[in-house]
2 protein chains.
Amino acid sequence: MLSFTEENYLKCIFKLTEKTNHRVSTNAIAKVTGSSAASVTDMLKKLAEKELVDYARYKGVHLSPTGRHIATQLVRKHRLWEVFLVDKLGFSWDEVHDIAEELEHIKSDLLIERMDQFLGLPKFDPHGDPIPTASGKFTIRQQVPMNKASQGQRLVVLGVQEHSKAFLRYLDNLSIHIGTQLVIQEKNSFDQSMKVLIDDKHSQLLGEHICKKLLVNEI
Amino acid sequence: MLSFTEENYLKCIFKLTEKTNHRVSTNAIAKVTGSSAASVTDMLKKLAEKELVDYARYKGVHLSPTGRHIATQLVRKHRLWEVFLVDKLGFSWDEVHDIAEELEHIKSDLLIERMDQFLGLPKFDPHGDPIPTASGKFTIRQQVPMNKASQGQRLVVLGVQEHSKAFLRYLDNLSIHIGTQLVIQEKNSFDQSMKVLIDDKHSQLLGEHICKKLLVNEI
DNA sequence: TTTTATTTTTAGACTAATCAAAATTTATTT
DNA sequence: AAATAAATTTTGATTAGTCTAAAAATAAAA
(Lines give C-alpha, C1' and ligand atoms only; values in the text may rest on other atoms or scores of the structure.)
Protein backbone atom coordinates (compact mmCIF):
# COMPACT_ATOMS: atom_id res chain seq x y z
CA MET A 1 0.00 0.00 0.00
CA LEU A 2 1.53 3.29 -1.09
CA SER A 3 1.50 6.41 1.04
CA PHE A 4 -0.15 9.65 0.01
CA THR A 5 3.33 11.07 -0.56
CA GLU A 6 4.60 8.20 -2.68
CA GLU A 7 1.49 8.46 -4.83
CA ASN A 8 2.06 12.17 -5.32
CA TYR A 9 5.64 11.61 -6.45
CA LEU A 10 4.51 8.98 -8.97
CA LYS A 11 1.88 11.32 -10.36
CA CYS A 12 4.41 14.11 -10.58
CA ILE A 13 6.91 11.95 -12.47
CA PHE A 14 4.10 10.83 -14.74
CA LYS A 15 3.12 14.38 -15.60
CA LEU A 16 6.73 15.35 -16.26
CA THR A 17 7.45 12.39 -18.53
CA GLU A 18 4.03 12.09 -20.20
CA LYS A 19 4.87 14.14 -23.28
CA THR A 20 8.51 13.39 -23.99
CA ASN A 21 8.83 9.98 -22.31
CA HIS A 22 12.39 11.03 -21.40
CA ARG A 23 13.96 10.51 -17.99
CA VAL A 24 13.22 13.37 -15.62
CA SER A 25 15.78 15.02 -13.35
CA THR A 26 15.76 15.30 -9.57
CA ASN A 27 15.66 19.07 -9.78
CA ALA A 28 12.73 19.08 -12.17
CA ILE A 29 10.74 17.04 -9.66
CA ALA A 30 11.88 19.22 -6.76
CA LYS A 31 10.72 22.31 -8.65
CA VAL A 32 7.17 21.12 -9.21
CA THR A 33 6.69 19.41 -5.84
CA GLY A 34 8.17 22.38 -4.01
CA SER A 35 10.39 20.11 -1.96
CA SER A 36 14.17 20.04 -1.75
CA ALA A 37 16.35 18.05 -4.13
CA ALA A 38 17.54 16.06 -1.12
CA SER A 39 14.00 14.95 -0.33
CA VAL A 40 13.44 13.98 -3.94
CA THR A 41 16.58 11.84 -3.97
CA ASP A 42 15.43 10.01 -0.84
CA MET A 43 12.03 9.34 -2.30
CA LEU A 44 13.41 8.17 -5.65
CA LYS A 45 15.53 5.61 -3.85
CA LYS A 46 12.49 4.38 -2.00
CA LEU A 47 10.37 4.16 -5.15
CA ALA A 48 13.22 2.38 -6.94
CA GLU A 49 13.39 -0.11 -4.06
CA LYS A 50 9.70 -0.83 -4.66
CA GLU A 51 10.37 -1.12 -8.41
CA LEU A 52 7.98 1.68 -9.28
CA VAL A 53 10.66 3.74 -11.01
CA ASP A 54 13.87 3.08 -12.86
CA TYR A 55 16.39 5.26 -11.05
CA ALA A 56 20.13 5.67 -11.59
CA ARG A 57 22.22 8.01 -9.46
CA TYR A 58 22.78 11.37 -11.17
CA LYS A 59 20.80 10.16 -14.20
CA GLY A 60 17.20 10.92 -13.22
CA VAL A 61 14.23 8.54 -13.30
CA HIS A 62 11.40 7.27 -15.35
CA LEU A 63 8.40 5.18 -14.35
CA SER A 64 8.36 1.39 -14.44
CA PRO A 65 5.28 -0.20 -16.04
CA THR A 66 3.82 -0.71 -12.54
CA GLY A 67 4.60 2.86 -11.53
CA ARG A 68 3.06 4.18 -14.73
CA HIS A 69 -0.07 2.16 -14.14
CA ILE A 70 -0.48 3.48 -10.61
CA ALA A 71 0.07 7.06 -11.77
CA THR A 72 -2.46 6.63 -14.57
CA GLN A 73 -5.07 5.37 -12.12
CA LEU A 74 -4.45 8.41 -9.93
CA VAL A 75 -5.09 10.63 -12.94
CA ARG A 76 -8.24 8.61 -13.64
CA LYS A 77 -9.49 9.12 -10.12
CA HIS A 78 -8.59 12.81 -10.08
CA ARG A 79 -10.47 13.52 -13.30
CA LEU A 80 -13.51 11.43 -12.46
CA TRP A 81 -13.82 13.25 -9.13
CA GLU A 82 -13.59 16.55 -11.00
CA VAL A 83 -16.46 15.50 -13.24
CA PHE A 84 -18.47 14.58 -10.17
CA LEU A 85 -17.80 17.91 -8.48
CA VAL A 86 -18.80 19.92 -11.55
CA ASP A 87 -21.63 17.81 -12.99
CA LYS A 88 -23.28 16.66 -9.77
CA LEU A 89 -22.36 19.18 -7.11
CA GLY A 90 -22.36 22.31 -9.23
CA PHE A 91 -18.77 23.44 -8.67
CA SER A 92 -17.18 25.57 -11.37
CA TRP A 93 -14.12 24.34 -13.24
CA ASP A 94 -11.76 26.62 -11.36
CA GLU A 95 -12.77 25.27 -7.93
CA VAL A 96 -12.28 21.54 -8.29
CA HIS A 97 -8.57 20.89 -8.58
CA ASP A 98 -7.59 21.08 -4.92
CA ILE A 99 -10.49 18.97 -3.71
CA ALA A 100 -9.84 16.33 -6.37
CA GLU A 101 -6.20 16.36 -5.31
CA GLU A 102 -7.33 14.96 -1.97
CA LEU A 103 -10.07 12.69 -3.28
CA GLU A 104 -7.77 10.95 -5.75
CA HIS A 105 -6.01 9.19 -2.86
CA ILE A 106 -9.12 7.38 -1.59
CA LYS A 107 -8.28 3.71 -1.91
CA SER A 108 -11.18 1.76 -3.40
CA ASP A 109 -11.29 0.38 -6.92
CA LEU A 110 -14.97 -0.43 -6.52
CA LEU A 111 -15.70 3.16 -5.55
CA ILE A 112 -14.10 4.57 -8.64
CA GLU A 113 -15.77 2.07 -10.98
CA ARG A 114 -19.16 2.83 -9.43
CA MET A 115 -18.45 6.54 -9.75
CA ASP A 116 -17.51 6.09 -13.41
CA GLN A 117 -20.87 4.38 -14.04
CA PHE A 118 -22.74 7.00 -12.03
CA LEU A 119 -21.21 9.78 -14.11
CA GLY A 120 -22.07 8.05 -17.39
CA LEU A 121 -18.57 6.84 -18.30
CA PRO A 122 -17.22 10.30 -19.17
CA LYS A 123 -14.23 10.40 -21.51
CA PHE A 124 -13.08 13.93 -20.60
CA ASP A 125 -12.91 15.98 -17.42
CA PRO A 126 -14.27 19.53 -16.92
CA HIS A 127 -11.08 21.01 -18.40
CA GLY A 128 -11.26 18.79 -21.47
CA ASP A 129 -8.48 16.46 -20.34
CA PRO A 130 -8.97 12.80 -21.22
CA ILE A 131 -9.92 10.37 -18.44
CA PRO A 132 -7.90 7.17 -18.76
CA THR A 133 -9.83 3.90 -18.65
CA ALA A 134 -9.38 1.37 -15.85
CA SER A 135 -6.80 -0.31 -18.07
CA GLY A 136 -4.95 2.96 -18.58
CA LYS A 137 -5.96 4.02 -22.10
CA PHE A 138 -6.39 7.72 -22.90
CA THR A 139 -8.81 8.85 -25.61
CA ILE A 140 -6.90 10.81 -28.26
CA ARG A 141 -8.60 13.35 -30.47
CA GLN A 142 -7.71 16.03 -32.96
CA GLN A 143 -7.09 19.36 -31.19
CA VAL A 144 -4.73 22.32 -31.68
CA PRO A 145 -3.97 25.55 -29.85
CA MET A 146 -6.32 28.18 -31.26
CA ASN A 147 -3.46 30.40 -32.47
CA LYS A 148 -2.80 27.78 -35.16
CA ALA A 149 -6.28 28.23 -36.62
CA SER A 150 -7.05 30.52 -39.59
CA GLN A 151 -9.42 33.39 -40.21
CA GLY A 152 -12.95 32.32 -41.03
CA GLN A 153 -12.71 28.94 -39.34
CA ARG A 154 -15.50 27.77 -37.04
CA LEU A 155 -14.03 26.04 -33.98
CA VAL A 156 -15.21 24.23 -30.89
CA VAL A 157 -13.34 24.57 -27.58
CA LEU A 158 -12.10 21.15 -26.46
CA GLY A 159 -9.66 22.01 -23.69
CA VAL A 160 -7.23 24.37 -22.04
CA GLN A 161 -3.48 24.19 -21.63
CA GLU A 162 -3.42 26.24 -18.47
CA HIS A 163 -5.35 25.31 -15.34
CA SER A 164 -4.80 28.32 -13.10
CA LYS A 165 -7.86 29.68 -11.32
CA ALA A 166 -7.21 33.11 -12.81
CA PHE A 167 -7.17 31.80 -16.37
CA LEU A 168 -10.26 29.65 -15.92
CA ARG A 169 -12.20 32.50 -14.30
CA TYR A 170 -11.18 34.82 -17.10
CA LEU A 171 -12.59 32.39 -19.66
CA ASP A 172 -15.77 32.10 -17.60
CA ASN A 173 -16.21 35.86 -17.79
CA LEU A 174 -15.96 35.64 -21.58
CA SER A 175 -18.55 32.81 -21.62
CA ILE A 176 -15.90 30.50 -22.98
CA HIS A 177 -16.05 26.94 -21.71
CA ILE A 178 -15.72 23.39 -23.04
CA GLY A 179 -18.01 23.08 -26.06
CA THR A 180 -18.18 26.79 -26.83
CA GLN A 181 -18.14 27.59 -30.58
CA LEU A 182 -15.77 30.24 -31.85
CA VAL A 183 -15.54 31.82 -35.29
CA ILE A 184 -12.26 33.56 -36.09
CA GLN A 185 -13.14 36.95 -37.50
CA GLU A 186 -9.70 38.56 -37.54
CA LYS A 187 -6.14 37.44 -36.91
CA ASN A 188 -3.69 40.21 -36.06
CA SER A 189 -0.22 39.02 -36.95
CA PHE A 190 1.56 41.98 -35.27
CA ASP A 191 0.49 40.99 -31.72
CA GLN A 192 -0.92 37.48 -32.25
CA SER A 193 -4.34 38.58 -30.97
CA MET A 194 -7.56 37.35 -32.53
CA LYS A 195 -11.09 38.70 -32.82
CA VAL A 196 -13.53 35.85 -32.35
CA LEU A 197 -17.30 35.45 -32.36
CA ILE A 198 -18.34 33.53 -29.24
CA ASP A 199 -21.25 31.10 -29.60
CA ASP A 200 -22.62 33.29 -32.42
CA LYS A 201 -23.51 35.93 -29.86
CA HIS A 202 -20.79 38.47 -29.25
CA SER A 203 -17.37 39.38 -30.60
CA GLN A 204 -14.31 39.54 -28.42
CA LEU A 205 -10.65 40.35 -28.92
CA LEU A 206 -8.45 37.65 -27.40
CA GLY A 207 -4.78 38.22 -26.59
CA GLU A 208 -1.88 36.02 -27.62
CA HIS A 209 -1.74 34.18 -24.31
CA ILE A 210 -5.38 33.10 -24.47
CA CYS A 211 -5.08 32.02 -28.08
CA LYS A 212 -2.14 29.77 -27.29
CA LYS A 213 -3.81 28.15 -24.30
CA LEU A 214 -7.20 27.35 -25.82
CA LEU A 215 -7.36 23.92 -27.45
CA VAL A 216 -9.81 23.74 -30.32
CA ASN A 217 -10.90 21.73 -33.32
CA GLU A 218 -12.52 22.79 -36.58
CA ILE A 219 -16.17 21.93 -37.13
CA MET B 1 -5.02 22.28 10.27
CA LEU B 2 -5.35 18.93 12.01
CA SER B 3 -3.73 15.74 10.78
CA PHE B 4 -5.61 12.64 9.78
CA THR B 5 -4.41 11.03 13.02
CA GLU B 6 -5.43 13.88 15.29
CA GLU B 7 -8.88 13.88 13.71
CA ASN B 8 -9.22 10.16 14.32
CA TYR B 9 -8.36 10.55 17.99
CA LEU B 10 -10.93 13.31 18.40
CA LYS B 11 -13.60 11.19 16.77
CA CYS B 12 -12.67 8.26 18.95
CA ILE B 13 -12.91 10.32 22.15
CA PHE B 14 -16.22 11.69 20.93
CA LYS B 15 -17.65 8.22 20.40
CA LEU B 16 -16.46 7.04 23.79
CA THR B 17 -17.86 10.04 25.67
CA GLU B 18 -21.00 10.61 23.58
CA LYS B 19 -23.36 8.62 25.81
CA THR B 20 -22.09 9.17 29.33
CA ASN B 21 -20.30 12.48 28.85
CA HIS B 22 -17.77 11.20 31.43
CA ARG B 23 -14.01 11.48 31.07
CA VAL B 24 -12.51 8.61 29.12
CA SER B 25 -9.36 6.73 30.11
CA THR B 26 -6.13 6.34 28.17
CA ASN B 27 -6.59 2.59 28.06
CA ALA B 28 -10.13 2.82 26.73
CA ILE B 29 -8.85 4.91 23.84
CA ALA B 30 -5.92 2.57 23.26
CA LYS B 31 -8.29 -0.38 23.10
CA VAL B 32 -10.51 1.05 20.36
CA THR B 33 -7.75 2.67 18.31
CA GLY B 34 -5.61 -0.45 18.55
CA SER B 35 -2.58 1.63 19.50
CA SER B 36 -0.48 1.49 22.65
CA ALA B 37 -1.34 3.40 25.82
CA ALA B 38 1.96 5.23 25.41
CA SER B 39 0.95 6.51 21.98
CA VAL B 40 -2.38 7.63 23.35
CA THR B 41 -0.71 9.57 26.15
CA ASP B 42 1.52 11.35 23.64
CA MET B 43 -1.41 12.27 21.46
CA LEU B 44 -3.53 13.47 24.39
CA LYS B 45 -0.75 15.82 25.39
CA LYS B 46 -0.63 17.17 21.87
CA LEU B 47 -4.40 17.63 21.66
CA ALA B 48 -4.39 19.31 25.08
CA GLU B 49 -1.67 21.66 23.86
CA LYS B 50 -4.03 22.63 21.01
CA GLU B 51 -6.89 23.03 23.50
CA LEU B 52 -9.01 20.38 21.79
CA VAL B 53 -9.27 18.23 24.90
CA ASP B 54 -9.19 18.75 28.64
CA TYR B 55 -6.50 16.34 29.81
CA ALA B 56 -5.11 15.73 33.30
CA ARG B 57 -2.36 13.18 33.96
CA TYR B 58 -3.75 9.86 35.19
CA LYS B 59 -7.29 11.29 35.04
CA GLY B 60 -8.28 10.73 31.42
CA VAL B 61 -9.71 13.29 28.98
CA HIS B 62 -12.82 14.82 27.63
CA LEU B 63 -13.37 17.05 24.62
CA SER B 64 -13.24 20.82 24.77
CA PRO B 65 -16.07 22.66 22.98
CA THR B 66 -13.79 23.13 19.97
CA GLY B 67 -12.74 19.48 20.02
CA ARG B 68 -16.33 18.38 20.25
CA HIS B 69 -17.30 20.57 17.33
CA ILE B 70 -14.55 19.15 15.14
CA ALA B 71 -15.49 15.60 16.08
CA THR B 72 -19.15 16.27 15.34
CA GLN B 73 -18.29 17.61 11.89
CA LEU B 74 -16.27 14.45 11.20
CA VAL B 75 -19.31 12.38 12.12
CA ARG B 76 -21.39 14.60 9.85
CA LYS B 77 -19.03 14.05 6.95
CA HIS B 78 -18.75 10.33 7.58
CA ARG B 79 -22.51 9.83 7.59
CA LEU B 80 -23.20 12.06 4.60
CA TRP B 81 -20.62 10.15 2.58
CA GLU B 82 -22.29 6.90 3.62
CA VAL B 83 -25.61 8.20 2.33
CA PHE B 84 -23.94 9.13 -0.93
CA LEU B 85 -22.34 5.72 -1.34
CA VAL B 86 -25.60 3.87 -0.68
CA ASP B 87 -28.15 6.19 -2.33
CA LYS B 88 -26.17 7.32 -5.35
CA LEU B 89 -23.55 4.67 -6.01
CA GLY B 90 -25.56 1.61 -5.01
CA PHE B 91 -23.31 0.27 -2.27
CA SER B 92 -24.94 -1.87 0.41
CA TRP B 93 -24.92 -0.74 4.05
CA ASP B 94 -22.22 -3.22 5.04
CA GLU B 95 -19.73 -1.92 2.45
CA VAL B 96 -19.59 1.76 3.19
CA HIS B 97 -17.91 2.21 6.55
CA ASP B 98 -14.27 1.83 5.51
CA ILE B 99 -14.59 4.08 2.47
CA ALA B 100 -16.39 6.76 4.50
CA GLU B 101 -13.63 6.48 7.09
CA GLU B 102 -11.25 7.82 4.44
CA LEU B 103 -13.64 10.29 2.84
CA GLU B 104 -14.49 11.99 6.13
CA HIS B 105 -11.01 13.54 6.23
CA ILE B 106 -11.40 15.49 2.98
CA LYS B 107 -11.04 19.11 3.97
CA SER B 108 -13.68 21.26 2.30
CA ASP B 109 -16.69 22.77 4.04
CA LEU B 110 -18.16 23.78 0.71
CA LEU B 111 -17.90 20.21 -0.54
CA ILE B 112 -19.84 18.83 2.38
CA GLU B 113 -22.55 21.48 2.21
CA ARG B 114 -22.97 20.87 -1.52
CA MET B 115 -23.11 17.14 -0.86
CA ASP B 116 -25.75 17.65 1.83
CA GLN B 117 -27.90 19.58 -0.69
CA PHE B 118 -27.27 17.01 -3.41
CA LEU B 119 -28.45 14.21 -1.12
CA GLY B 120 -31.59 16.10 -0.12
CA LEU B 121 -30.55 17.12 3.39
CA PRO B 122 -30.79 13.63 4.88
CA LYS B 123 -31.30 13.43 8.64
CA PHE B 124 -30.12 9.81 9.05
CA ASP B 125 -27.42 7.65 7.50
CA PRO B 126 -27.89 4.18 5.95
CA HIS B 127 -27.62 2.56 9.40
CA GLY B 128 -30.23 4.89 10.89
CA ASP B 129 -27.71 7.00 12.78
CA PRO B 130 -28.51 10.71 12.93
CA ILE B 131 -26.48 13.09 10.77
CA PRO B 132 -25.53 16.19 12.79
CA THR B 133 -26.24 19.56 11.19
CA ALA B 134 -23.46 21.97 10.22
CA SER B 135 -23.96 23.57 13.64
CA GLY B 136 -23.64 20.20 15.37
CA LYS B 137 -27.24 19.33 16.27
CA PHE B 138 -28.37 15.69 16.18
CA THR B 139 -31.98 14.79 15.44
CA ILE B 140 -33.40 12.82 18.37
CA ARG B 141 -36.32 10.42 17.98
CA GLN B 142 -38.13 7.77 19.92
CA GLN B 143 -36.49 4.38 19.43
CA VAL B 144 -35.86 1.31 21.60
CA PRO B 145 -34.08 -2.03 21.20
CA MET B 146 -36.63 -4.47 19.82
CA ASN B 147 -36.35 -6.81 22.83
CA LYS B 148 -38.17 -4.14 24.85
CA ALA B 149 -41.25 -4.36 22.60
CA SER B 150 -44.31 -6.49 23.37
CA GLN B 151 -46.19 -9.22 21.54
CA GLY B 152 -48.66 -7.92 18.99
CA GLN B 153 -46.88 -4.61 18.43
CA ARG B 154 -46.26 -3.35 14.91
CA LEU B 155 -42.80 -1.81 14.65
CA VAL B 156 -40.62 -0.03 12.13
CA VAL B 157 -36.86 -0.59 12.02
CA LEU B 158 -35.06 2.72 12.64
CA GLY B 159 -31.49 1.64 13.28
CA VAL B 160 -28.96 -0.91 14.44
CA GLN B 161 -26.70 -0.95 17.47
CA GLU B 162 -24.05 -3.11 15.84
CA HIS B 163 -22.31 -2.16 12.61
CA SER B 164 -20.27 -5.28 11.84
CA LYS B 165 -20.38 -6.50 8.25
CA ALA B 166 -21.52 -9.92 9.46
CA PHE B 167 -24.50 -8.50 11.35
CA LEU B 168 -25.56 -6.20 8.54
CA ARG B 169 -25.29 -8.96 5.94
CA TYR B 170 -27.33 -11.26 8.16
CA LEU B 171 -30.11 -8.66 8.34
CA ASP B 172 -29.94 -8.25 4.57
CA ASN B 173 -30.54 -11.97 4.16
CA LEU B 174 -33.64 -11.66 6.31
CA SER B 175 -34.85 -8.69 4.22
CA ILE B 176 -34.55 -6.49 7.28
CA HIS B 177 -33.35 -2.97 6.62
CA ILE B 178 -34.09 0.59 7.69
CA GLY B 179 -37.83 1.13 7.28
CA THR B 180 -38.81 -2.54 7.40
CA GLN B 181 -42.05 -3.21 9.32
CA LEU B 182 -42.09 -5.96 11.91
CA VAL B 183 -45.01 -7.45 13.83
CA ILE B 184 -44.12 -9.34 17.00
CA GLN B 185 -45.97 -12.64 16.85
CA GLU B 186 -44.32 -14.43 19.77
CA LYS B 187 -41.92 -13.53 22.56
CA ASN B 188 -40.08 -16.47 24.12
CA SER B 189 -39.05 -15.47 27.61
CA PHE B 190 -36.85 -18.56 28.17
CA ASP B 191 -34.26 -17.62 25.49
CA GLN B 192 -35.27 -14.04 24.67
CA SER B 193 -35.96 -14.96 21.05
CA MET B 194 -38.87 -13.51 19.10
CA LYS B 195 -40.97 -14.64 16.17
CA VAL B 196 -41.67 -11.66 13.91
CA LEU B 197 -43.58 -11.06 10.70
CA ILE B 198 -41.32 -9.19 8.28
CA ASP B 199 -42.99 -6.57 6.03
CA ASP B 200 -46.24 -8.58 6.24
CA LYS B 201 -44.62 -11.25 4.08
CA HIS B 202 -42.84 -13.96 6.01
CA SER B 203 -42.33 -15.03 9.60
CA GLN B 204 -38.90 -15.44 11.12
CA LEU B 205 -37.52 -16.44 14.50
CA LEU B 206 -34.91 -13.90 15.69
CA GLY B 207 -32.38 -14.72 18.42
CA GLU B 208 -31.67 -12.65 21.52
CA HIS B 209 -28.65 -10.91 19.99
CA ILE B 210 -30.58 -9.63 16.98
CA CYS B 211 -33.49 -8.47 19.13
CA LYS B 212 -31.17 -6.40 21.32
CA LYS B 213 -29.36 -4.78 18.41
CA LEU B 214 -32.35 -3.76 16.30
CA LEU B 215 -33.64 -0.27 17.11
CA VAL B 216 -37.36 0.13 16.47
CA ASN B 217 -40.37 2.31 17.14
CA GLU B 218 -44.06 1.43 17.36
CA ILE B 219 -46.33 2.53 14.52
C1' DT C 1 -2.82 0.58 56.31
C1' DT C 2 0.37 -1.90 53.93
C1' DT C 3 0.83 -4.71 49.99
C1' DT C 4 -0.38 -5.95 45.45
C1' DA C 5 -2.35 -5.15 41.07
C1' DT C 6 -3.62 -2.09 37.49
C1' DT C 7 -3.26 1.95 34.91
C1' DT C 8 -0.71 5.56 33.08
C1' DT C 9 3.30 8.04 32.04
C1' DT C 10 8.10 8.57 30.90
C1' DA C 11 12.28 7.19 28.59
C1' DG C 12 14.46 5.70 24.70
C1' DA C 13 14.14 4.11 20.08
C1' DC C 14 12.19 3.37 15.25
C1' DT C 15 10.14 4.77 10.51
C1' DA C 16 8.55 8.16 7.09
C1' DA C 17 9.09 12.46 5.28
C1' DT C 18 11.36 16.47 5.40
C1' DC C 19 15.35 20.05 5.31
C1' DA C 20 20.11 22.66 5.13
C1' DA C 21 24.75 22.20 4.46
C1' DA C 22 28.68 19.60 2.88
C1' DA C 23 30.53 16.42 -0.39
C1' DT C 24 30.47 14.36 -4.80
C1' DT C 25 29.52 13.72 -9.63
C1' DT C 26 28.48 15.48 -14.08
C1' DA C 27 28.40 19.19 -17.37
C1' DT C 28 30.32 23.31 -19.27
C1' DT C 29 33.88 26.68 -20.18
C1' DT C 30 38.05 28.25 -20.87
C1' DA D 1 42.67 19.02 -20.26
C1' DA D 2 42.04 21.74 -16.30
C1' DA D 3 39.02 24.80 -14.04
C1' DT D 4 34.61 26.23 -12.98
C1' DA D 5 29.69 25.78 -12.62
C1' DA D 6 25.63 23.16 -11.94
C1' DA D 7 23.20 19.26 -10.47
C1' DT D 8 22.81 15.54 -7.33
C1' DT D 9 23.70 12.86 -3.40
C1' DT D 10 25.14 12.18 1.29
C1' DT D 11 25.27 13.53 6.01
C1' DG D 12 23.19 14.82 10.02
C1' DA D 13 19.07 16.73 12.13
C1' DT D 14 13.95 17.59 12.85
C1' DT D 15 8.93 16.49 13.35
C1' DA D 16 4.86 13.30 13.61
C1' DG D 17 3.42 9.11 14.96
C1' DT D 18 4.43 4.89 16.75
C1' DC D 19 6.33 1.14 19.95
C1' DT D 20 8.45 -1.59 24.12
C1' DA D 21 10.14 -1.57 28.56
C1' DA D 22 10.83 0.75 32.84
C1' DA D 23 9.11 3.95 36.27
C1' DA D 24 5.48 6.27 38.66
C1' DA D 25 0.82 7.02 40.19
C1' DT D 26 -3.64 5.29 41.36
C1' DA D 27 -6.84 1.71 42.74
C1' DA D 28 -7.94 -2.58 44.99
C1' DA D 29 -7.17 -6.17 48.31
C1' DA D 30 -5.46 -8.19 52.29
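Order of the sequence lines sets the chain letters (A, B, ...), proteins ahead of strands, with each chain counted from 1. As a basis for the values below, the full set of heavy atoms in this structure was taken, side chains included, without hydrogen atoms, waters or symmetry mates. Fair warning: this is a prediction, and the values are worked out from it, not measured in the lab.
Between B/Lys59 and C/dT7 there is no side-chain polar atom (N or O) within less than 4.0 angstrom of OP1 or OP2. OP1 or OP2 of D/dA6 has not a single side-chain nitrogen or oxygen of A/Asn27 nearer than 4.0 Å. Under 4.0 angstrom from either OP1 or OP2 of C/dT8 there lies at least one side-chain N or O belonging to B/Ser25. An OP1 or OP2 oxygen of C/dT18 is reached within less than 4.0 angstrom by a side-chain nitrogen or oxygen of A/Tyr9. The side chain of A/Tyr55 places an N or O atom within less than 4.0 Å of a non-bridging phosphate oxygen (OP1 or OP2) of D/dT9. Contact annotation: B/Arg57 does not reach the phosphate of D/dT26 (side-chain N/O to OP1 or OP2, under 4.0 Å).
Near-neighbour residues of DNA chain C inside residues 37-44 of chain B, defined by a heavy atom below 4.0 Å, number-ordered: B/Ala37, B/Ala38, B/Thr41.
Judged by the 6.0 Å distance and 45° axis criteria, A/Arg114 is positioned over the aromatic ring of B/Phe91.
Within the structure, no pair that satisfies the ring-ring contact (aromatic ring centres under 6.0 Å, His included) test touches residues 27-64 of chain B, not counting sequence neighbours. Among residue pairs with one or both ends in residues 29-38 of chain A, those qualifying as side-chain hydrogen bond (donor to acceptor under 3.5 Å, both in side chains) are A/Tyr9-A/Ser35, A/Thr33-A/Ser35, A/Ser36-A/Ser39; sequence neighbours excluded.
When the side chain to side chain donor-acceptor pair (under 3.5 Å) test is applied to B/Lys212, the partners found at least two apart in sequence or on another chain are B/Glu208. Residues that satisfy the side-chain contact (heavy atoms from CB on, under 4.5 Å) test with B/Ser193, not counting sequence neighbours, are B/Asn188, B/Asp191, B/Leu205.
Using a 4.0 Å cut-off between charged side-chain N and carboxylate O, B/Arg79 and B/Glu104 make no salt bridge.
Nucleic acid contact class of B/Thr5 (heavy atoms, under 4.0 Å, all strands): sugar-phosphate only. Here B/Phe4 lies out of heavy-atom contact (under 4.0 Å) with every strand.
Rounded to whole Å, atom C1' of D/dT18 lies 14 Å from atom NZ of B/Lys45. The interatomic distance linking B/Tyr58 (OH) with D/dA28 (P) rounds to 16 Å, in whole Å. Rounded to whole angstrom, the span from the CD atom of B/Glu7 across to the P atom of D/dA16 amounts to 16 Å. Between B/Lys31 atom NZ and C/dT6 atom P the separation is 13 Å, expressed in whole Å. Rounded to whole Å, atom C1' of C/dT15 lies 12 Å from atom CD of A/Glu6.
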May I have the list of side-chain donor-acceptor pairs in residues 122-134 of chain A shorter than 3.5 Å, sequence neighbours left out?
| unit_1 | atom_1 | unit_2 | atom_2 | d |
| --- | --- | --- | --- | --- |
| A/Lys123 | NZ | A/Leu121 | O | 3.1 |
| A/Asp125 | OD1 | A/His127 | N | 2.7 |
| A/Asp125 | OD1 | A/Gly128 | N | 3.1 |
| A/Asp125 | OD1 | A/Asp129 | N | 3.0 |
| A/His127 | ND1 | A/Glu82 | OE1 | 3.1 |
| A/His127 | NE2 | A/Trp93 | O | 2.8 |
| A/Asp129 | OD2 | A/His163 | NE2 | 2.8 |
| A/Thr133 | OG1 | A/Ser135 | N | 3.3 |
| A/Thr133 | OG1 | A/Ser135 | OG | 3.1 |
| A/Thr133 | OG1 | A/Gly136 | N | 3.2 |
| A/Thr133 | OG1 | A/Lys137 | N | 3.0 |

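When both distances must be under 3.5 Å, the Watson-Crick or G-U wobble mate of D/dA16 is C/dT15.
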